[in-house]
Amino acid sequence: GESVGLHLPTLSVQEGDNSIINCAYSNSASDYFIWYKQESGKGPQFIIDIRSNMDKRQGQRVTVLLNKTVKHLSLQIAATQPGDSAVYFCAEKAQGGYNKLIFGAGTRLAVHP
Amino acid sequence: ETGVTQSPTHLIKTRGQQVTLRCSSQSGHNTVSWYQQALGQGPQFIFQYYREEENGRGNFPPRFSGLQFPNYSSELNVNALELDDSALYLCASSTPGASTSTDTQYFGPGTRLTVL
């Protein structure tokens with residue numbers, strides 16, 4: 001079946017450290033992956049995306065890595081700030097068809113001063 | 001801000017009632033998707049509308065229905081509400097393109113529905 005598995009841990013980091021949030025997906029046919037950030041009481045906010053023909057993509061302070069061999073996705077946040085505290089979701093879209101996203105349960109990132 | 005708006009922000013209904021939630025897509029977006037997010041979980045896909053037609057549906061019963069209007073805004077209707085329908089309902093709009101294209105979905109703030 002389809003699933004994007006985030007085993008909902010809470011990742012606690014110190015302000016200024018780097019954070020790594022991991023995600024496993026099960027559908028090898030997925031060709032597009034997105035990371036979203038969701039703060040309390042708000043909708044998911046787009047962070048960064050990556051297509052299956054890429055291994056790495058960088059944004060401002062964030063990097064997404066895709067390992068298709070083991071169906072693993074990670075989000076790296078450099079110099080984590082208190083404003084980065086939120087729940088992070090990875091989502092996948094299967095190749096072809098309509099633009100349906102499959103989300104995992106999320107990982108909570110807690111940044112401590 | 002994504003430019004996607006939803007109304008109302010919060011809603012309380014009783015079991016058996018019907019509810020209509022509304023979404024205005026970001027300017028220029030012609031595809032709207034609806035998701036249900038239960039507390040502590042990731043969003044679950046309900047359905048998607050493209051050019052006023054439903055072009056994809058998740059594992060939700062027929063009492064979940066929707067509409068898309070010529071201005072690309074959308075409604076989600078839920079009949080015969082059940083306690084388990086209590087959730088945050090999110091809509092997301094996408095950039096113009098064919099329904100099979102890979103395009104980023106931008107989410108609104110959601111409507112918090114509580115069913116008593």
Side-chain angles (χ1 to χ4, degrees), chain A residues 1-10 21 23-27 29-54 57 59 64 66 73 86-108, chain B residues 1-6 9-10 21 23-26 29-51 53-60 87-112:
Chain A
E2 298 173 322
S3 69
V4 175
L6 284 178
H7 304 292
L8 199 57
T10 296
I21 301 172
C23 173
Y25 64 94
S26 62
N27 188 352
S30 293
D31 65 350
Y32 179 56
F33 304 87
I34 311 174
W35 281 100
Y36 286 95
K37 171 187 179 183
Q38 188 173 27
E39 297 174 283
S40 181
K42 297 184 178 180
Q45 174 189 353
F46 171 84
I47 302 173
I48 192 168
D49 58 2
I50 188 168
R51 298 178 189 271
S52 59
N53 61 352
M54 303 172 68
R57 191 168 187 217
V64 55
L66 176 62
L73 193 69
V87 177
Y88 289 79
F89 295 96
C90 68
E92 64 178 307
K93 174 193 168 294
Q95 187 177 29
Y98 55 94
N99 192 8
K100 165 187 174 181
L101 294 179
I102 302 164
F103 285 81
T107 295
R108 182 173 302 280
Chain B
E1 297 298 326
T2 63
V4 180
T5 61
Q6 293 187 243
T9 305
H10 296 88
L21 311 181
C23 171
S24 292
S25 60
Q26 185 172 328
H29 290 188
N30 60 10
T31 302
V32 173
S33 304
W34 286 92
Y35 293 82
Q36 180 195 67
Q37 186 177 23
L39 194 62
Q41 298 183 19
Q44 298 293 312
F45 178 79
I46 303 174
F47 44 54
Q48 182 179 89
Y49 279 82
Y50 171 67
R51 293 183 176 177
E53 297 285 335
E54 182 182 300
N55 74 333
R57 189 178 184 91
N59 295 325
F60 281 82
L88 180 68
Y89 288 86
L90 297 160
C91 80
S93 71
S94 310
T95 54
S99 60
T100 57
S101 68
T102 297
D103 50 8
T104 304
Q105 295 188 21
Y106 295 94
F107 284 84
T111 294
R112 172 70 63 188

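Keep in mind it's a predicted model, so treat the numbers as computed, not measured. To find a chain, count down the sequence lines: A is the first, B the second, and so on, and within it residues start at 1.
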How about B/Y35 and A/F103: are their ring centroids closer than 6.0 Å?
yes
Grab the two heavy atoms, one from B/L90 and one from A/P44, that are nearest each other, plus how far apart they are.
CD1-CD, 3.7 Å
Which region of A/Q45, side chain (C-beta onward) or backbone (N, CA, C, O), has a non-hydrogen atom less than 4.5 Å from a non-hydrogen atom of chain B, or is it both or neither?
neither
Rounded to the nearest 0.5 Å, what separates atom CD1 in A/I34 from atom CD in B/Q105?
6.5 Å
Are there more than 12 heavy atoms of other residues, nucleotides or ligands under 6.0 Å from atom CG of A/N53?
yes
Most contacts with chain A, counted as non-hydrogen pairs under 4.5 angstrom, among B/G56, B/A38, B/G108, B/P43
B/P43
Out of B/Q44, B/R57, B/Q6, return the one with the most heavy atom pairs under 4.5 angstrom to chain A.
B/R57
Please classify the contact between B/Q37 and chain A as side chain, backbone, both or neither, with a heavy-atom cut-off of under 4.5 Å.
side chain
Indicate the atoms forming the closest heavy-atom contact of B/Q48 with A/K100, along with that distance.
NE2-N, 4.5 Å
Does the A/Y36 side chain pair with the main chain of B/Y106, one donor and one acceptor, at a distance under 3.5 Å?
no
Close aromatic pair by centroid cut-off 6.0 Å: B/F107 and A/F46:
no
Rounded at 0.5 Å granularity, tell me how far NZ in A/K42 sits from CG in B/L88.
13.5 Å
